[in-house]
Amino acid sequence: MRAQCESKDLSGSWLAWFIWGLPAGAIVLGVLWREARAWLWFLALIVAGTGCLVNAARCRRLHCYFTGPLYLTLSVFVLLRGLGILPLGWMLVPAVLVSGTALALIAERARGRYRGR
């Protein structure tokens with residue numbers, strides 16, 4: 001079963017660079033480029049979060065069950081912050097992004113990479 005899950009896991013394919021690599025670069029770029037931050041982060045989080053949810057459905061990758069909803073929720077926060085509706089600090093986004101992803105990866109390490117069927 002593990003081999004079947006691994007073959008469906010998008011993180012092991014060349015698509016991973018487009019699904020998670022480019023969005024990660026956009027997040028870093030947004031830290032530096034204040035004027036484009038809201039739209040860079042919004043689009044990056046939508047792509048990465050959707051990729052995680054697709055990956056969770058395809059191969060049942062454990063951390064994707066957490067990071068997909070986290071990234072999509074953060075995209076809503078970024079959109080509202082970019083529109084001036086939420087007056088919270090921008091650097092909260094990468095802090096939550098990194099810490100939430102780290103916690104999901106720690107859980108995956110403890111429980112195994114793929115959820116059982």
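Computed over heavy atoms, backbone and side chain alike; hydrogens, waters and symmetry mates excluded. Bear in mind the structure is a predicted one, so any value in this text is a computation, not a measurement.
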Residues at least two apart in sequence or cross-chain that pass ring pair (Phe, Tyr, Trp, His ring centres under 6.0 Å) with W90, listed by chain then number, are W41
Transitively linked via ILVMFWY side-chain contacts under 4.5 Å: [X] with [Y]?
X   : Y   : result
L22 : V28 : no
M91 : L32 : no
L79 : L45 : yes

So the side-chain hydrogen bond (donor to acceptor under 3.5 Å, both in side chains) pairs with at least one residue in residues 14-25 (sequence neighbours excluded) are none
Residues joined to L103 in its hydrophobic cluster, side chain to side chain under 4.5 Å directly or through other members, sorted by chain and number, are none
For residues 65-87, the ring pair (Phe, Tyr, Trp, His ring centres under 6.0 Å) pairs (sequence neighbours left out) are none
Quiz item: Under 3.5 Å, is there a donor-acceptor pair between the side chain of R81 and the main chain of A38?
Solution: no
Just how far is it from atom [atom1] of [X] to atom [atom2] of [Y], taken to the nearest 0.5 Å?
X   : Y   : atom1 : atom2 : result
L40 : R34 : CG    : CZ    : 14.0 Å
I85 : L80 : CD1   : CG    : 5.0 Å
I27 : L74 : CD1   : CG    : 8.5 Å

Counterpart residues, side-chain contact (heavy atoms from CB on, under 4.5 Å), relative to [X] (two or more places apart):
X    : result
I46  : F42, T50, L72, S75
L105 : H63, T101, E108
V98  : none
S13  : L10, L15

Heavy-atom pair with the smallest gap, counting every atom of [X] and [Y]:
X   : Y   : value
V31 : R37 : O-NH2, 3.0 Å
L70 : L97 : CD2-O, 4.5 Å
C64 : T67 : CA-OG1, 3.4 Å
G51 : I19 : CA-CG2, 3.5 Å
L53 : P69 : CD2-CD, 3.7 Å

Is there a side-chain contact between L62 and Y114 (heavy atoms, below 4.5 Å)? no
